[in-house]
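The next block holds one structure in the form of structure tokens; read it before the comments.
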Amino acid sequence: MRNRILNLIFTLFLLSIGIANFPVQAQQPQTDSIIYLPLIYNGIALPPPDAASQRITLPDGFRIRIFANNLTGRPRFMAIGPDGHLYVSLMSGGQVVRLPDHNQDGLADAVEIIASGISSPHGLEFYNGYLYIASGDRVQRMQGPNPSGNFASLQLVTDNIPPPTGHSSRTIHFGPDGKMYISAGSTCNICVETDPRPATIMRFNPDGSIPADNPFATDSDVRKRPVYAWGLRNSVDFLWSPNGNLWANHNGSDGLGDDLPSEEIVIPVQGNRSHGWPYCYTPGVGVVSANEVRDTRLALPSGFTCDDAVAAIFTAPAHSAPLGMEIAKPGNFPAEYNNDLYVAYHGSWNTTETNIRDCKVERVKLENGLPIGSETFATGWLEQDKSCSSPSTYGRPADVIFGVNGEMFISDDKGMRVYRVVYIGQ
Ligand SMILES: [Ca+2]
Ligand SMILES: [Ca+2]
Ligand SMILES: [Ca+2]
């Protein structure tokens with residue numbers, strides 16, 4: 001009873017500051033314009049049931065709600081600002097927006113445009129007083145946010161990344177070494193690239209200059225100087241593992257049927273090494289400890305065998321389409337769910353009906369800092385017997401990130417929403 005009273009007091013407090021200090025400034029309406037009292041569980045708010053909670057299923061004790069609705073321009077990657085707010089790239093809308101929840105009721109208060117007129121913004125990361133934005137053919141940054149929440153104007157960091165031919169998403173993260181890493185996918189399904197930069201992870205100093213210890217730092221071809229690791233057909237996301245290793249995912253090629261090649265979910269990336277594509281891929285599904293095998297559609301270059309490629313250590317069925325991923329941060333999820341890897345699977349669009357890959361959030365369990373298996377965490381966007389790109393599909397997860405209170409956010413670039421997942425334990 002005491003807890004219930006405290007919850008009620010806390011709720012009324014949140015509601016009062018929401019009304020008093022933060023009038024609604026949303027450019028698109030939220031799902032609910034009525035005022036309500038959110039339920040509070042262990043200090044975290046749960047809005048009322050909605051369209052998402054009616055169809056998306058989660059493990060026991062978890063709840064999902066729509067955090068922001070009717071976003072325009074394909075919400076893709078997300079970042080948490082130093083202000084604790086959620087920032088999202090709207091890839092086809094050319095914008096980066098902020099979705100603050102000042103009154104902490106579990107619903108975004110507004111869609112605030114932070115930057116616009118950017119060609120295919122995708123990767124976002126806050127670093128050293130700047131918001132970095134990786135887009136089609138460049139990386140830009142803006143100083144901010146200042147205490148008023150404002151940013152300075154965009155400045156170019158580098159345009160020494162490939163033009164957005166073929167795979168156009170660009171992802172940015174800063175490593176524990178203070179360097180700026182950018183992934184760029186291939187220009188084609190399977191081919192030998194002429195530009196050295198597609199299908200790689202590149203490495204820069206935070207100001208866009210080339211680190212002296214890059215593998216090709218002084219190459220006569222200036223395009224090659226940022227290249228750090230290659231043979232990565234489309235590593236839409238990457239991160240640093242609990243043991244400090246660079247892990248990337250990778251979307252495998254099409255044209256080998258429903259089951260080949262497996263999607264490489266965890267590739268322990270090594271600098272100055274090939275990771276296989278377009279010549280080789282990791283065999284098997286799940287935990288893997290095997291060398292890569294040949295994709296016989298292309299002849300091997302002289303002096304290179306698939307044993308020379310760095311293989312993935314965890315894979316998923318072909319056409320799962322892994323996009324954004326993050327390791328859970330403590331704060332809201334139960335201990336057993338913390339420190340596992342959560343991956344947005346965009347799902348299949350071109351498999352046969354019997355092998356449709358779900359658009360979902362997958363939980364890859366880690367033990368001693370290594371993957372040991374995976375299970376579905378959030379599912380239900382798919383319509384039965386329809387592919388994830390079908391018009392009737394409810395949505396497709398594009399990124400997963402954890403907020404300052406340990407809650408999960410999921411972006412959806414088909415349903416044009418951001419969801420919020422919390423654990424309430426009942
Ligand atoms: Ca709110
Ligand atoms: Ca590979
Ligand atoms: Ca991520």
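As the structure lists them, so they are numbered: ligands from 1, and atoms in each ligand from 1.
A heavy-atom distance below 4.5 Å is not found between the side chains of Asn128 and Pro206.
Note on Asp109: its N/O/S atom closest to the Ca ion (ligand 1) is OD1. Looking only at N/O/S atoms, Asp101 comes nearest to the Ca ion (ligand 1) through OD1.
Rounding to 10°, one obtains 100° for the angle at the Ca ion (ligand 2) between OE2 (Glu292) and OE1 (Glu264). Geometry at the Ca ion (ligand 1): O/Leu107 and OD1/Asp105 form an angle of 90°, nearest 10 degrees.
Backbone or side-chain N, O or S atoms of Gln104 do not reach the Ca ion (ligand 1) at under 3.0 Å. At a threshold of 3.0 Å, the Ca ion (ligand 2) has a backbone or side-chain N, O or S atom of His275 nearer than that distance. Residue contacts to the Ca ion (ligand 1): Pro100 brings no N, O or S atom closer than 3.0 Å.
No salt bridge links Asp50 with Arg65; every basic N to acidic carboxylate O contact stays at or beyond 4.0 Å. Salt bridge annotation for Asp159-Arg138: absent, with no cationic side-chain nitrogen under 4.0 angstrom from a carboxylate oxygen. A salt bridge links Asp295 to Arg297: at least one charged side-chain nitrogen sits closer than 4.0 Å to a carboxylate oxygen. In this structure, Asp308 does not pair ionically with Arg294, as no charged nitrogen and carboxylate oxygen lie closer than 4.0 Å. Ion pairing between a basic and an acidic side chain is recognised when a charged N comes within 4.0 Å of a carboxylate O; Arg203 and Asp177 show such pairing.
In summary, of the residues considered (Tyr342, Phe409, Tyr337, Tyr423), a ring pair (Phe, Tyr, Trp, His ring centres under 6.0 Å) with Phe402 occurs for Tyr342 alone.
Between Phe62 and Phe333, the ring planes lie perpendicular to each other; the angle is over 60°, past the 30° to 60° tilted range.
Shown here for Asn251 and Pro322, the closest heavy-atom pair between the two residues is ND2-O, 2.9 Å.
With waters neither drawn nor counted, the protein N/O/S atoms under 3.0 Å from the Ca ion (ligand 3) amount to 2.
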